[in-house]
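For clarity, every value in this text was computed on a predicted model and none was experimentally measured. Position 1 is the first residue of the sequence; numbering continues from there.
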Amino acid sequence: MFYSRMKNLTIHEGENLRKLRLIMGFKQRDIAHLLGEDWNQQKVSYLESSEKIAICTLKHIAIVLKIPVWFLQMPPYVFNNYIFKIQRQDNSCPVIYIIKIVELYERLLVSMREQYSV
């Protein structure tokens with residue numbers, strides 16, 4: 001049962017990027033500026049509409065935003081249910097969010113394993 005649910009999940013990396021950008025208080029042009037000269041608002045907008053983003057681009061975004069790559073590859077139920085519950089304390093330090101997110105994600109995995117173990 002658990003496997004069949006997991007199998008049908010669609011991970012939308014661009015949507016995760018958009019939600020993260022909004023949580024961090026950035027505009028698309030701010031992200032483009034952080035990513036470098038080759039980037040502009042339109043390119044960031046295109047990425048956010050993409051279901052799958054090239055791994056080299058994901059790595060670049062992760063480095064710039066100081067987050068792990070897998071953070072943008074989370075299933076929507078994890079991202080939606082836990083990311084927005086975290087209160088922003090300091091706009092200049094996204095690492096605070098990541099630490100909390102990792103803790104919540106690990107707790108979710110443990111509870112899911114317990115729930116679906118035979």
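With a 4.5 Å cut-off on side-chain heavy atoms, Met24 and Arg21 do not count as touching. The closest side-chain heavy-atom distance from Ile61 to Leu72 is below 4.5 Å. Leu58 has its side chain out of reach of Trp70: every pair of non-hydrogen atoms, C-beta onward, lies at least 4.5 Å apart.
We find the NE2-CD1 distance between His60 and Ile55 to be 13.5 Å, quoted to the nearest 0.5 Å. Atoms NZ and NE2, on Lys19 and His12 in that order, are 9.5 Å from each other to the nearest 0.5 Å. Atom CG of Leu47 and atom CH2 of Trp39 lie 4.5 Å apart (nearest 0.5 Å). Here Arg18 contributes atom CZ and Ser50 contributes atom OG; the two are 13.5 Å apart, rounded to the nearest 0.5 Å.
The shortest non-hydrogen separation linking Ala62 to Pro68 is CB-C, 4.1 Å. Among all heavy-atom pairs drawn from Asn16 and Ile11, the shortest one is ND2-CG2, 4.3 Å.
Criterion: ILVMFWY side-chain heavy atoms under 4.5 Å apart, direct or through other members. Under it, Val69 and Val44 are part of a common hydrophobic cluster.
Listed by first and then second residue, the salt bridge (charged side-chain N to carboxylate O under 4.0 Å, His left out) pairs involving residues 49-58 are Glu13-Lys52 (not counting sequence neighbours).
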Identify all side-chain donor-acceptor contacts of residues 26-35 below 3.5 Å with residues at least two apart in sequence or on another chain.
unit_1: Gln28; atom_1: OE1; unit_2: Gln41; atom_2: NE2; d: 2.4
unit_1: Gln28; atom_1: NE2; unit_2: Glu48; atom_2: OE1; d: 2.8
unit_1: Asp30; atom_1: OD2; unit_2: Lys27; atom_2: N; d: 2.9

